[in-house]
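These notes concern the structure reproduced below.
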2 protein chains.
Amino acid sequence: MEKFKHFLQAISPITDQEFADTIPFFTQQQLKKGDFFVAQGRICRQVAFVEKGTLRVYYLNAKAEEITSCFCTEDNMTTSYKSFILQEPSDLFIQAIEDTSLLAIEYGNLQKLYTTYPNWQTIGRALVEKEYLNMEKYASVLNNETAKEKYLRLQKEQPNVLLKAPVEHIASYLGVTRRTLSRIRKEIASGI
Amino acid sequence: MEKFKHFLQAISPITDQEFADTIPFFTQQQLKKGDFFVAQGRICRQVAFVEKGTLRVYYLNAKAEEITSCFCTEDNMTTSYKSFILQEPSDLFIQAIEDTSLLAIEYGNLQKLYTTYPNWQTIGRALVEKEYLNMEKYASVLNNETAKEKYLRLQKEQPNVLLKAPVEHIASYLGVTRRTLSRIRKEIASGI
DNA sequence: ACCATTTGGGGACATTTGTCCTTTCCGATT
DNA sequence: AATCGGAAAGGACAAATGTCCCCAAATGGT
(Lines give C-alpha, C1' and ligand atoms only; values in the text may rest on other atoms or scores of the structure.)
Protein backbone atom coordinates (compact mmCIF):
# COMPACT_ATOMS: atom_id res chain seq x y z
CA MET A 1 0.00 0.00 0.00
CA GLU A 2 2.73 2.45 0.97
CA LYS A 3 4.50 1.86 -2.34
CA PHE A 4 1.33 2.69 -4.23
CA LYS A 5 0.84 5.84 -2.16
CA HIS A 6 4.36 6.99 -2.99
CA PHE A 7 3.79 6.18 -6.63
CA LEU A 8 0.67 8.38 -6.70
CA GLN A 9 2.34 11.14 -4.69
CA ALA A 10 5.11 11.32 -7.28
CA ILE A 11 2.53 11.90 -10.01
CA SER A 12 0.04 14.25 -8.39
CA PRO A 13 -0.46 15.41 -4.78
CA ILE A 14 -2.92 13.33 -2.77
CA THR A 15 -3.80 13.72 0.91
CA ASP A 16 -3.77 10.84 3.41
CA GLN A 17 -7.55 11.14 3.67
CA GLU A 18 -8.03 10.97 -0.13
CA PHE A 19 -5.71 7.98 -0.34
CA ALA A 20 -7.62 6.23 2.47
CA ASP A 21 -10.92 6.94 0.66
CA THR A 22 -9.41 5.60 -2.55
CA ILE A 23 -7.97 2.32 -1.36
CA PRO A 24 -11.30 0.45 -0.94
CA PHE A 25 -11.82 0.80 -4.70
CA PHE A 26 -8.76 -1.37 -5.31
CA THR A 27 -8.36 -5.10 -4.75
CA GLN A 28 -5.19 -7.03 -4.16
CA GLN A 29 -4.48 -9.85 -6.60
CA GLN A 30 -1.88 -12.59 -6.77
CA LEU A 31 -0.73 -14.07 -10.06
CA LYS A 32 1.39 -17.21 -10.24
CA LYS A 33 4.10 -17.54 -12.86
CA GLY A 34 2.36 -18.22 -16.16
CA ASP A 35 -1.01 -16.70 -15.15
CA PHE A 36 -2.55 -14.11 -17.46
CA PHE A 37 -3.63 -10.65 -16.36
CA VAL A 38 -5.40 -10.30 -19.70
CA ALA A 39 -5.56 -12.40 -22.88
CA GLN A 40 -6.01 -11.35 -26.48
CA GLY A 41 -9.66 -11.15 -27.47
CA ARG A 42 -10.91 -10.39 -23.98
CA ILE A 43 -11.89 -6.95 -22.75
CA CYS A 44 -9.45 -5.71 -20.15
CA ARG A 45 -11.64 -4.50 -17.29
CA GLN A 46 -8.92 -3.52 -14.85
CA VAL A 47 -5.85 -1.38 -14.55
CA ALA A 48 -3.31 -2.46 -11.96
CA PHE A 49 -0.31 -1.27 -9.98
CA VAL A 50 2.48 -3.88 -9.85
CA GLU A 51 3.55 -4.22 -6.21
CA LYS A 52 5.92 -7.09 -6.86
CA GLY A 53 6.91 -9.36 -9.72
CA THR A 54 7.21 -9.06 -13.49
CA LEU A 55 4.75 -9.28 -16.38
CA ARG A 56 5.41 -9.77 -20.06
CA VAL A 57 3.24 -7.89 -22.54
CA TYR A 58 3.06 -9.51 -25.97
CA TYR A 59 0.95 -9.95 -29.07
CA LEU A 60 0.83 -12.16 -32.13
CA ASN A 61 2.04 -10.60 -35.37
CA ALA A 62 0.78 -11.39 -38.88
CA LYS A 63 2.90 -14.57 -38.93
CA ALA A 64 1.46 -15.63 -35.57
CA GLU A 65 4.81 -15.09 -33.87
CA GLU A 66 4.78 -13.85 -30.27
CA ILE A 67 6.22 -10.34 -30.13
CA THR A 68 7.08 -9.01 -26.71
CA SER A 69 6.40 -5.30 -26.48
CA CYS A 70 7.22 -4.69 -22.85
CA PHE A 71 8.33 -6.19 -19.58
CA CYS A 72 6.37 -4.60 -16.78
CA THR A 73 8.16 -4.57 -13.44
CA GLU A 74 7.54 -3.39 -9.87
CA ASP A 75 6.19 0.11 -9.17
CA ASN A 76 4.51 0.58 -12.53
CA MET A 77 0.96 0.59 -13.74
CA THR A 78 -0.09 -2.09 -16.19
CA THR A 79 -3.09 -2.76 -18.38
CA SER A 80 -3.89 -3.29 -22.01
CA TYR A 81 -4.47 0.43 -22.38
CA LYS A 82 -6.30 0.45 -25.67
CA SER A 83 -8.64 -2.29 -24.48
CA PHE A 84 -9.14 -0.63 -21.09
CA ILE A 85 -9.73 2.90 -22.42
CA LEU A 86 -12.10 1.84 -25.18
CA GLN A 87 -13.47 -1.24 -23.33
CA GLU A 88 -12.94 -3.33 -26.44
CA PRO A 89 -11.21 -6.72 -26.90
CA SER A 90 -7.49 -6.66 -26.22
CA ASP A 91 -4.81 -7.13 -28.89
CA LEU A 92 -2.34 -7.98 -26.15
CA PHE A 93 -1.58 -10.76 -23.74
CA ILE A 94 -0.23 -9.77 -20.34
CA GLN A 95 1.31 -12.72 -18.52
CA ALA A 96 3.19 -13.04 -15.24
CA ILE A 97 6.70 -14.42 -15.80
CA GLU A 98 7.17 -14.84 -12.06
CA ASP A 99 4.82 -14.75 -9.06
CA THR A 100 3.33 -11.28 -9.04
CA SER A 101 1.19 -9.20 -6.75
CA LEU A 102 -1.10 -6.43 -8.04
CA LEU A 103 -3.40 -3.67 -6.78
CA ALA A 104 -6.19 -3.55 -9.35
CA ILE A 105 -9.18 -1.32 -9.98
CA GLU A 106 -12.23 -2.05 -12.16
CA TYR A 107 -13.11 0.29 -15.03
CA GLY A 108 -16.44 1.26 -13.41
CA ASN A 109 -14.82 1.97 -10.08
CA LEU A 110 -12.26 4.22 -11.70
CA GLN A 111 -15.07 6.20 -13.34
CA LYS A 112 -16.69 6.42 -9.91
CA LEU A 113 -13.44 7.82 -8.44
CA TYR A 114 -13.40 10.43 -11.21
CA THR A 115 -16.93 11.59 -10.50
CA THR A 116 -16.81 11.31 -6.70
CA TYR A 117 -13.41 12.81 -5.89
CA PRO A 118 -12.60 15.94 -7.91
CA ASN A 119 -8.89 15.49 -7.28
CA TRP A 120 -9.04 12.16 -9.08
CA GLN A 121 -9.79 14.03 -12.30
CA THR A 122 -6.34 15.54 -12.00
CA ILE A 123 -4.70 12.32 -10.83
CA GLY A 124 -6.30 10.41 -13.70
CA ARG A 125 -5.12 12.92 -16.29
CA ALA A 126 -1.63 12.88 -14.77
CA LEU A 127 -1.59 9.08 -14.93
CA VAL A 128 -2.53 9.09 -18.60
CA GLU A 129 0.07 11.79 -19.28
CA LYS A 130 2.68 9.64 -17.57
CA GLU A 131 1.72 6.65 -19.69
CA TYR A 132 1.83 8.85 -22.79
CA LEU A 133 5.38 9.89 -21.93
CA ASN A 134 6.36 6.25 -21.33
CA MET A 135 4.97 5.27 -24.72
CA GLU A 136 6.72 8.20 -26.40
CA LYS A 137 9.97 7.11 -24.79
CA TYR A 138 9.35 3.57 -26.00
CA ALA A 139 8.76 4.79 -29.55
CA SER A 140 11.88 6.90 -29.37
CA VAL A 141 13.93 3.87 -28.27
CA LEU A 142 12.44 1.83 -31.12
CA ASN A 143 13.47 4.55 -33.55
CA ASN A 144 16.92 5.39 -32.27
CA GLU A 145 18.56 2.51 -30.54
CA THR A 146 20.18 -0.53 -32.08
CA ALA A 147 19.28 -3.97 -30.77
CA LYS A 148 22.57 -3.99 -28.88
CA GLU A 149 21.85 -0.66 -27.21
CA LYS A 150 18.41 -1.91 -26.24
CA TYR A 151 19.95 -5.05 -24.77
CA LEU A 152 22.37 -3.00 -22.67
CA ARG A 153 19.52 -0.77 -21.52
CA LEU A 154 17.49 -3.81 -20.50
CA GLN A 155 20.49 -5.17 -18.62
CA LYS A 156 20.84 -1.88 -16.78
CA GLU A 157 17.20 -1.01 -16.12
CA GLN A 158 15.54 -4.40 -15.71
CA PRO A 159 18.33 -6.92 -15.08
CA ASN A 160 15.90 -9.45 -13.61
CA VAL A 161 14.22 -9.80 -16.99
CA LEU A 162 17.41 -11.23 -18.50
CA LEU A 163 17.36 -13.92 -15.83
CA LYS A 164 13.64 -14.73 -16.00
CA ALA A 165 12.80 -14.55 -19.70
CA PRO A 166 13.91 -17.07 -22.38
CA VAL A 167 15.89 -15.83 -25.40
CA GLU A 168 12.98 -15.72 -27.82
CA HIS A 169 11.11 -13.28 -25.61
CA ILE A 170 14.15 -11.06 -25.26
CA ALA A 171 14.96 -11.26 -28.97
CA SER A 172 11.44 -10.28 -30.01
CA TYR A 173 11.54 -7.45 -27.47
CA LEU A 174 14.72 -6.19 -29.14
CA GLY A 175 13.17 -6.59 -32.58
CA VAL A 176 15.65 -9.18 -33.85
CA THR A 177 15.87 -12.96 -34.24
CA ARG A 178 17.44 -15.31 -31.73
CA ARG A 179 20.41 -15.66 -34.06
CA THR A 180 21.12 -11.94 -33.86
CA LEU A 181 20.66 -11.89 -30.08
CA SER A 182 23.25 -14.63 -29.87
CA ARG A 183 25.66 -12.46 -31.91
CA ILE A 184 24.94 -9.47 -29.69
CA ARG A 185 25.68 -11.44 -26.54
CA LYS A 186 28.93 -12.67 -28.03
CA GLU A 187 29.96 -9.13 -28.94
CA ILE A 188 29.21 -7.88 -25.44
CA ALA A 189 31.05 -10.82 -23.84
CA SER A 190 34.13 -10.14 -25.97
CA GLY A 191 33.97 -6.48 -24.98
CA ILE A 192 33.34 -4.95 -28.41
CA MET B 1 -14.07 26.84 -35.73
CA GLU B 2 -16.72 24.34 -36.77
CA LYS B 3 -14.04 21.79 -37.58
CA PHE B 4 -12.59 22.16 -34.11
CA LYS B 5 -16.00 21.77 -32.56
CA HIS B 6 -16.59 18.55 -34.46
CA PHE B 7 -13.17 17.32 -33.47
CA LEU B 8 -13.95 17.89 -29.77
CA GLN B 9 -17.45 16.43 -30.11
CA ALA B 10 -15.96 13.22 -31.47
CA ILE B 11 -13.77 12.92 -28.39
CA SER B 12 -16.07 13.96 -25.57
CA PRO B 13 -19.51 15.60 -25.52
CA ILE B 14 -19.44 19.39 -25.29
CA THR B 15 -22.44 21.75 -25.38
CA ASP B 16 -22.66 24.79 -27.67
CA GLN B 17 -22.45 27.03 -24.62
CA GLU B 18 -19.34 25.28 -23.31
CA PHE B 19 -17.72 25.52 -26.72
CA ALA B 20 -18.58 29.22 -26.95
CA ASP B 21 -17.08 29.78 -23.48
CA THR B 22 -14.00 27.87 -24.51
CA ILE B 23 -13.16 29.54 -27.79
CA PRO B 24 -11.87 32.84 -26.34
CA PHE B 25 -9.05 30.87 -24.71
CA PHE B 26 -7.73 29.94 -28.15
CA THR B 27 -5.98 32.16 -30.69
CA GLN B 28 -5.78 31.69 -34.42
CA GLN B 29 -2.27 31.51 -35.86
CA GLN B 30 -0.91 31.43 -39.38
CA LEU B 31 2.40 29.74 -40.20
CA LYS B 32 4.11 30.18 -43.55
CA LYS B 33 5.95 27.28 -45.16
CA GLY B 34 9.20 26.87 -43.25
CA ASP B 35 8.00 28.59 -40.04
CA PHE B 36 8.50 26.74 -36.78
CA PHE B 37 5.72 26.03 -34.30
CA VAL B 38 8.40 25.01 -31.83
CA ALA B 39 12.17 24.54 -31.99
CA GLN B 40 14.43 22.19 -30.07
CA GLY B 41 15.65 23.70 -26.82
CA ARG B 42 12.64 25.98 -26.38
CA ILE B 43 9.77 25.26 -24.04
CA CYS B 44 6.61 24.54 -25.97
CA ARG B 45 3.99 26.77 -24.38
CA GLN B 46 1.06 25.92 -26.64
CA VAL B 47 -0.94 23.03 -27.92
CA ALA B 48 -2.71 23.56 -31.24
CA PHE B 49 -5.43 22.19 -33.46
CA VAL B 50 -4.41 22.10 -37.13
CA GLU B 51 -7.22 23.69 -39.15
CA LYS B 52 -5.34 23.54 -42.42
CA GLY B 53 -1.88 22.64 -43.67
CA THR B 54 0.86 20.19 -42.71
CA LEU B 55 3.62 20.19 -40.11
CA ARG B 56 6.68 18.03 -39.90
CA VAL B 57 7.84 16.85 -36.47
CA TYR B 58 11.53 15.98 -36.31
CA TYR B 59 14.54 15.78 -34.04
CA LEU B 60 18.30 15.40 -34.34
CA ASN B 61 19.71 11.97 -33.53
CA ALA B 62 23.13 11.23 -32.04
CA LYS B 63 24.76 11.74 -35.46
CA ALA B 64 22.97 15.10 -35.84
CA GLU B 65 20.80 13.73 -38.63
CA GLU B 66 17.24 15.03 -38.90
CA ILE B 67 14.80 12.23 -38.12
CA THR B 68 11.17 12.86 -38.99
CA SER B 69 8.88 11.28 -36.43
CA CYS B 70 5.55 12.47 -37.75
CA PHE B 71 3.72 14.49 -40.35
CA CYS B 72 0.86 16.30 -38.69
CA THR B 73 -2.05 17.09 -40.98
CA GLU B 74 -5.44 18.77 -40.83
CA ASP B 75 -7.89 17.96 -38.02
CA ASN B 76 -5.29 16.82 -35.53
CA MET B 77 -3.80 18.28 -32.40
CA THR B 78 -0.10 19.08 -32.39
CA THR B 79 2.47 20.05 -29.83
CA SER B 80 5.76 18.79 -28.49
CA TYR B 81 3.90 16.80 -25.87
CA LYS B 82 6.74 16.05 -23.53
CA SER B 83 7.81 19.67 -23.53
CA PHE B 84 4.25 20.92 -23.14
CA ILE B 85 3.25 18.52 -20.36
CA LEU B 86 6.40 19.01 -18.32
CA GLN B 87 7.01 22.62 -19.47
CA GLU B 88 10.63 21.78 -20.19
CA PRO B 89 12.79 22.42 -23.31
CA SER B 90 11.64 20.53 -26.38
CA ASP B 91 13.59 17.70 -28.02
CA LEU B 92 11.58 18.24 -31.17
CA PHE B 93 11.25 20.72 -33.96
CA ILE B 94 7.78 21.24 -35.41
CA GLN B 95 7.89 23.03 -38.74
CA ALA B 96 5.22 23.92 -41.30
CA ILE B 97 5.97 22.30 -44.65
CA GLU B 98 3.21 24.35 -46.28
CA ASP B 99 1.17 27.37 -45.23
CA THR B 100 -0.70 26.28 -42.12
CA SER B 101 -3.42 27.66 -39.90
CA LEU B 102 -3.73 26.72 -36.23
CA LEU B 103 -6.01 27.22 -33.24
CA ALA B 104 -3.64 27.38 -30.28
CA ILE B 105 -4.05 27.56 -26.53
CA GLU B 106 -1.43 28.56 -23.95
CA TYR B 107 -0.46 26.16 -21.18
CA GLY B 108 -1.78 28.51 -18.46
CA ASN B 109 -5.09 28.99 -20.26
CA LEU B 110 -5.55 25.25 -20.57
CA GLN B 111 -5.02 24.88 -16.82
CA LYS B 112 -7.60 27.64 -16.38
CA LEU B 113 -10.09 25.72 -18.52
CA TYR B 114 -9.50 22.63 -16.37
CA THR B 115 -10.21 24.49 -13.13
CA THR B 116 -13.02 26.69 -14.43
CA TYR B 117 -15.09 24.25 -16.48
CA PRO B 118 -15.52 20.83 -14.81
CA ASN B 119 -16.30 19.22 -18.17
CA TRP B 120 -12.86 20.22 -19.41
CA GLN B 121 -11.36 17.82 -16.89
CA THR B 122 -13.03 15.05 -18.84
CA ILE B 123 -12.25 16.55 -22.25
CA GLY B 124 -8.63 17.00 -21.24
CA ARG B 125 -8.29 13.41 -20.09
CA ALA B 126 -9.99 12.18 -23.25
CA LEU B 127 -7.58 14.25 -25.36
CA VAL B 128 -4.56 12.76 -23.62
CA GLU B 129 -6.06 9.27 -23.97
CA LYS B 130 -6.51 9.89 -27.69
CA GLU B 131 -2.91 11.00 -28.01
CA TYR B 132 -1.82 7.95 -26.03
CA LEU B 133 -3.64 5.68 -28.46
CA ASN B 134 -2.08 7.52 -31.42
CA MET B 135 1.37 7.04 -29.95
CA GLU B 136 0.67 3.38 -29.24
CA LYS B 137 -0.44 2.94 -32.84
CA TYR B 138 2.73 4.67 -33.99
CA ALA B 139 4.88 2.34 -31.88
CA SER B 140 2.99 -0.64 -33.22
CA VAL B 141 3.63 0.49 -36.80
CA LEU B 142 7.33 0.95 -35.99
CA ASN B 143 7.44 -2.57 -34.63
CA ASN B 144 5.42 -4.40 -37.22
CA GLU B 145 5.53 -2.76 -40.59
CA THR B 146 8.30 -2.84 -43.13
CA ALA B 147 9.47 0.41 -44.69
CA LYS B 148 7.51 -0.48 -47.80
CA GLU B 149 4.30 -1.03 -45.84
CA LYS B 150 4.82 2.27 -44.06
CA TYR B 151 5.30 3.98 -47.42
CA LEU B 152 2.06 2.54 -48.76
CA ARG B 153 0.27 3.58 -45.57
CA LEU B 154 1.60 7.13 -45.95
CA GLN B 155 0.48 7.17 -49.58
CA LYS B 156 -2.99 6.09 -48.53
CA GLU B 157 -3.48 8.14 -45.35
CA GLN B 158 -1.50 11.31 -46.04
CA PRO B 159 -0.92 11.43 -49.80
CA ASN B 160 -0.16 15.16 -49.70
CA VAL B 161 2.93 14.48 -47.66
CA LEU B 162 4.50 12.56 -50.53
CA LEU B 163 4.03 15.64 -52.70
CA LYS B 164 5.23 18.23 -50.20
CA ALA B 165 8.16 16.57 -48.42
CA PRO B 166 11.60 15.85 -49.94
CA VAL B 167 12.92 12.27 -50.03
CA GLU B 168 15.19 12.56 -47.01
CA HIS B 169 12.27 13.51 -44.79
CA ILE B 170 10.20 10.62 -46.05
CA ALA B 171 13.11 8.18 -45.80
CA SER B 172 13.88 9.14 -42.19
CA TYR B 173 10.18 8.87 -41.40
CA LEU B 174 10.23 5.31 -42.76
CA GLY B 175 13.41 4.55 -40.84
CA VAL B 176 15.57 3.85 -43.89
CA THR B 177 18.12 5.66 -46.04
CA ARG B 178 17.33 7.52 -49.25
CA ARG B 179 18.90 4.63 -51.15
CA THR B 180 16.39 2.19 -49.73
CA LEU B 181 13.49 4.56 -50.34
CA SER B 182 14.56 4.71 -53.96
CA ARG B 183 14.50 0.89 -54.12
CA ILE B 184 11.06 0.83 -52.48
CA ARG B 185 9.65 3.29 -54.99
CA LYS B 186 11.09 1.23 -57.83
CA GLU B 187 9.50 -1.94 -56.44
CA ILE B 188 6.13 -0.26 -56.11
CA ALA B 189 6.34 1.24 -59.61
CA SER B 190 7.14 -2.17 -61.08
CA GLY B 191 4.19 -3.64 -59.20
CA ILE B 192 6.07 -6.06 -56.93
C1' DA C 1 16.13 31.35 -71.78
C1' DC C 2 20.14 29.97 -69.46
C1' DC C 3 22.99 28.42 -66.04
C1' DA C 4 23.85 27.01 -61.32
C1' DT C 5 22.25 24.37 -57.76
C1' DT C 6 19.42 21.15 -55.66
C1' DT C 7 16.95 16.82 -55.77
C1' DG C 8 15.84 12.10 -56.97
C1' DG C 9 17.39 7.75 -59.06
C1' DG C 10 20.39 4.11 -59.15
C1' DG C 11 25.25 1.25 -59.71
C1' DA C 12 28.88 -1.31 -57.01
C1' DC C 13 30.44 -3.09 -53.08
C1' DA C 14 30.51 -3.78 -47.87
C1' DT C 15 28.03 -4.82 -43.85
C1' DT C 16 24.31 -6.48 -41.27
C1' DT C 17 20.70 -9.52 -40.39
C1' DG C 18 17.83 -13.49 -41.42
C1' DT C 19 17.18 -18.48 -42.44
C1' DC C 20 18.21 -23.05 -41.78
C1' DC C 21 20.61 -26.16 -39.55
C1' DT C 22 24.03 -28.41 -36.39
C1' DT C 23 26.51 -28.41 -32.15
C1' DT C 24 27.09 -27.45 -27.34
C1' DC C 25 25.59 -26.77 -22.81
C1' DC C 26 22.83 -27.53 -18.70
C1' DG C 27 19.45 -29.41 -15.63
C1' DA C 28 16.42 -33.10 -14.55
C1' DT C 29 15.62 -38.00 -14.03
C1' DT C 30 16.65 -42.64 -13.27
C1' DA D 1 27.30 -41.28 -12.93
C1' DA D 2 24.99 -41.73 -17.33
C1' DT D 3 21.80 -40.04 -20.41
C1' DC D 4 18.06 -37.62 -22.17
C1' DG D 5 15.64 -33.43 -23.64
C1' DG D 6 15.19 -28.72 -24.14
C1' DA D 7 17.37 -24.32 -24.58
C1' DA D 8 21.17 -21.43 -26.18
C1' DA D 9 25.13 -20.82 -29.23
C1' DG D 10 26.93 -20.58 -33.51
C1' DG D 11 28.36 -22.05 -38.77
C1' DA D 12 27.17 -21.29 -43.70
C1' DC D 13 24.87 -19.11 -46.99
C1' DA D 14 21.17 -15.85 -48.77
C1' DA D 15 18.78 -11.60 -48.65
C1' DA D 16 18.25 -6.92 -47.30
C1' DT D 17 20.12 -2.58 -46.32
C1' DG D 18 23.77 0.91 -45.91
C1' DT D 19 27.66 3.59 -47.85
C1' DC D 20 29.73 6.06 -51.29
C1' DC D 21 29.36 7.44 -55.35
C1' DC D 22 27.78 9.50 -60.08
C1' DC D 23 24.37 11.01 -63.36
C1' DA D 24 20.09 12.94 -65.07
C1' DA D 25 16.13 15.66 -64.24
C1' DA D 26 13.94 19.43 -62.05
C1' DT D 27 13.98 23.92 -59.93
C1' DG D 28 15.01 28.71 -59.02
C1' DG D 29 17.28 33.08 -59.83
C1' DT D 30 18.95 36.51 -63.03
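Letters A, B, ... are given to chains in the order of the sequence lines, protein chains preceding strands, and every chain is numbered from 1.
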Nearest whole angstrom, please: distance from the P of D:dT17 to the NZ of B:K148. 11 Å

Counting any heavy atom closer than 4.0 Å, what does A:T180 reach on the DNA or RNA strands: base, sugar-phosphate only, or nothing? sugar-phosphate

Under 3.5 Å side-chain donor-acceptor pair for A:Y117 and A:E18: no

Whole angstrom is fine here: how far is it from CG in A:L181 over to C1' in D:dA8? 9 Å

Check whether any side-chain heavy atom of A:N143 lies under 4.5 Å from a side-chain heavy atom of B:Y59, and answer yes or no. yes

Taken to the nearest whole Å, CD/A:E187 to P/D:dA9 is 14 Å

Can you tell me if NZ on A:K33 sees more than 12 non-hydrogen neighbours from other groups inside 6.0 Å? no

Write down the distance between CZ (A:R185) and P (D:dA7), rounded to a whole number of angstrom. 14 Å

Treating A:T100 as the side-chain partner and A:T54 as the backbone partner, does any N or O pair qualify as donor plus acceptor under 3.5 Å? yes

In whole angstrom, what separates A:I170's CD1 from D:dA7's P? 14 Å

Taking all heavy atoms of A:K150 and all of A:L142, pick out the closest pair and write down the distance. NZ-CD2, 4.0 Å

Given the rule in the ring-ring contact (aromatic ring centres under 6.0 Å, His included) test, do B:F49 and B:F26 qualify, once you have shown the distances and angles that lead to the verdict? CA-CA 10 Å; B:F49 174 77; B:F26 287 80; 8.9 Å; no

Can you check the A:R179 CZ to D:dA9 P distance for me, whole Å? 10 Å

From CZ of B:R178 across to P of D:dT19 the rounded distance in Å is 12 Å

Looking only at atom types and distance, does a side-chain atom of B:S83 sit under 3.5 Å from a main-chain N or O of B:E88, one as donor and one as acceptor? yes

Taking for each residue the nucleotide of DNA chain C with the nearest heavy atom, is it A:G175 or B:A165 whose nucleotide lies nearer the 5' end? B:A165

Check the phosphate of D:dG18 against B:T177, side-chain N and O only, distance under 4.0 Å to OP1 or OP2. Yes or no? yes

Output the rounded distance in Å from CD (A:E168) to C1' (D:dG6). 11 Å

Contacted region of DNA chain C by chain B, from 5' end to 3' end of the hits, cut-off under 4.0 Å to heavy atoms, spans C:dG8 to C:dA12

